[in-house]
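Since the structure comes first, as C-alpha cells, the remarks are kept for the end.
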Amino acid sequence: MIPALRIGTGFDVHRLVKGRDLVLGGVKVPFELGLLGHSDADCLSHAICDALLGAAGLGDIGRHFPDTDPRYKGISSLLLLEEVARLLREKGFEIVNIDATLIAQRPRLRGFMEEMSAKITSALSISKGHLNLKATTTEGLGFEGRGEGIGATAVALIYKRDEPIV
C-alpha cells in the first residue's frame with residue numbers, strides 16, 4: 001500500500017531592528033540587527049511550521065501559537081517545531097521531506113546552514129537527508145534587498161500512516 005502524500009507551503013517574514021538577536025533555524029547569527037517578533041522571530045522555523053501544519057490540514061502557526069499568548073513571548077522557535085512534529089505524529093503523520101529557502105541580502109548565511117540544518121532536524125526528529133536548506137538574496141530588490149527584513153519559504157511533504165492513495 002502506498003501512503004497518501006500531502007504537501008504544504010509556508011512563508012514568513014520579520015522586520016530587522018536594533019536591539020534583537022538574529023535567530024534563524026535556531027542559530028544565533030552574529031549581526032547588528034535582529035528580527036522583530038513575539039517569539040524569537042525565527043522566520044525559517046516559522047515557515048517550516050506553517051508548511052508542516054498546512055500539509056496536515058491543521059491550520060497555521062498563529063492558530064497553535066498565537067502572538068497574543070504570553071507563553072510564547074521570546075520562546076525559541078525550535079520548541080515550536082518540536083511541538084508541531086509531536087502534533088503531526090499524534091495525528092498519524094510522518095515527514096517525508098522539507099525544502100526551505102531563506103531570503104536575505106545581509107548577512108551572508110552560507111556558513112550557518114549546516115548548524116541550522118542540524119538544529120531543525122533534531123527538533124523535528126528527522127534525519128539530515130529529509131531537510132534541504134538554501135539561502136538567496138533578492139539582488140537588492142524589495143524589503144529584503146533593502147535590508148529591512150528577512151523572509152523564508154518552505155515546502156513540506158508528509159504522509160499519513162495507514163492511509164492509501166485514492
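Between Ile61 and Val84, every side-chain heavy-atom pair lies at or beyond the 4.5 Å cut-off. Using a 4.5 Å cut-off on side-chain heavy atoms (C-beta onward), Glu83 and His64 make no contact. Side-chain contact between Met116 and Leu102 is present, with at least one heavy-atom pair separated by less than 4.5 Å. With contacts defined as side-chain heavy-atom distances shorter than 4.5 Å, the pair Glu148/Leu16 does not qualify. For the pair Val13 and Phe11, the minimum side-chain heavy-atom distance is below 4.5 Å.
In this structure, the separation between CZ on Phe65 and CG on Asp60 is 10.5 Å, given to the nearest 0.5 Å. Interatomic distance, CZ of Arg161 versus NZ of Lys91, reported as 12.5 Å (0.5 Å rounding). With values rounded to the nearest 0.5 angstrom, Leu53 atom CG is found 9.0 Å from Ile158 atom CD1. Between the OG1 atom of Thr68 and the NZ atom of Lys73 there is a distance of 12.5 Å, given to the nearest 0.5 Å. Asp40 CG to Ser45 OG: the interatomic distance, rounded to the nearest 0.5 Å, is 7.0 Å. Note that SG of Cys49 and CG of Leu88 are 10.0 Å apart. Values are rounded to the nearest 0.5 Å.
Looking at His14, its side chain does come within 3.5 Å of a backbone N or O of Leu36 through a donor-acceptor pair. Between the side chain of Glu144 and the main chain of Thr138, no donor-acceptor pair closer than 3.5 Å is present. Judged by distance alone, with hydrogens and angles left aside, the side-chain atoms of Asp21 form no donor-acceptor pair with the main-chain N or O of Gly34 at under 3.5 Å. The main-chain N or O of Ser77 is never found under 3.5 Å from a side-chain atom of Asp42 such that the two would form a donor-acceptor pair. At distances below 3.5 Å, at least one donor-acceptor pair connects side-chain atoms of His38 with backbone N or O atoms of Asp69.
When every heavy atom of Ala56 is checked against every heavy atom of Arg6, the shortest pair comes out as O-NH1, 4.3 Å. Smallest separation of non-hydrogen atoms from Val96 and His130: O-ND1, 2.5 Å. Contact between Gly25 and Ile120 at its shortest, heavy atoms only, is CA-CD1, 3.8 Å. Shortest non-hydrogen contact noted between Leu33 and Leu22 is O-CB, 3.5 Å. Ile150 and Phe143 make their closest contact through N-CE1, 4.4 Å (heavy atoms, listed as atom of the first residue, atom of the second, distance). Between Ala154 and Ala51, the shortest heavy-atom distance links the atoms O-CB, 3.7 Å.
Surrounding CZ of Arg15 are at most 12 heavy atoms belonging to other residues, nucleotides or ligands under 6.0 Å away. In the displayed structure, Arg89 atom CZ is contacted under 6.0 Å by more than 12 heavy atoms of other residues, nucleotides or ligands. Around the CD atom of Glu114, the shell of radius 6.0 Å holds no more than 12 heavy atoms that belong to other residues, nucleotides or ligands.
Donor-acceptor pairing under 3.5 Å is lacking for the side chains of Lys128 and Thr121.
Asp99 has a carboxylate O that lies under 4.0 Å from a charged side-chain N of Lys134, or vice versa, which qualifies the two as a salt bridge.
Ile103 and Leu131 fall into different hydrophobic clusters, where Ile, Leu, Val, Met, Phe, Trp and Tyr side chains are chained together by heavy-atom contacts under 4.5 Å. Criterion: ILVMFWY side-chain heavy atoms under 4.5 Å apart, direct or through other members. Under it, Leu133 and Val155 are not part of a common hydrophobic cluster. Follow the hydrophobic side-chain contacts under 4.5 Å out from Met113 and you reach Leu124 in the same cluster. With hydrophobic clusters built from ILVMFWY side chains whose heavy atoms lie under 4.5 angstrom apart, Val23 does not share a cluster with Phe31. With hydrophobic clusters built from ILVMFWY side chains whose heavy atoms lie under 4.5 angstrom apart, Leu87 does not share a cluster with Tyr159.
Residues satisfying the side chain to side chain contact (heavy atoms under 4.5 Å, CB included) test with Leu79, not counting sequence neighbours, are Ile75, Ser76, Glu82. Looking at residues two or more places apart in sequence or on another chain, you find a side chain to side chain contact (heavy atoms under 4.5 Å, CB included) between Asn97 and Leu157.
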Problem - Stepwise side chain to side chain contact (heavy atoms under 4.5 Å, CB included) check, Val29 with Leu109 - result: CA-CA 8 Å; Val29 177; Leu109 300 170; 4.2 Å; yes
Practice task
Applying side chain to side chain contact (heavy atoms under 4.5 Å, CB included), run through Cys43 and Leu35 and close with a yes or a no.
Solution key: CA-CA 8 Å; Cys43 62; Leu35 295 173; 4.1 Å; yes
Exercise for the section: Decide yes or no on side chain to side chain donor-acceptor pair (under 3.5 Å) for Ser39 and His46, but give the supporting numbers first. Expected result: CA-CA 10 Å; Ser39 65; His46 294 179; 3.3 Å; yes
Practice task
Evaluate salt bridge (charged side-chain N to carboxylate O under 4.0 Å, His left out) for Lys28 paired with Glu115, printing each intermediate quantity in order.
Solution key: CA-CA 10 Å; Lys28 187 175 172 184; Glu115 187 179 359; over 6 Å; no
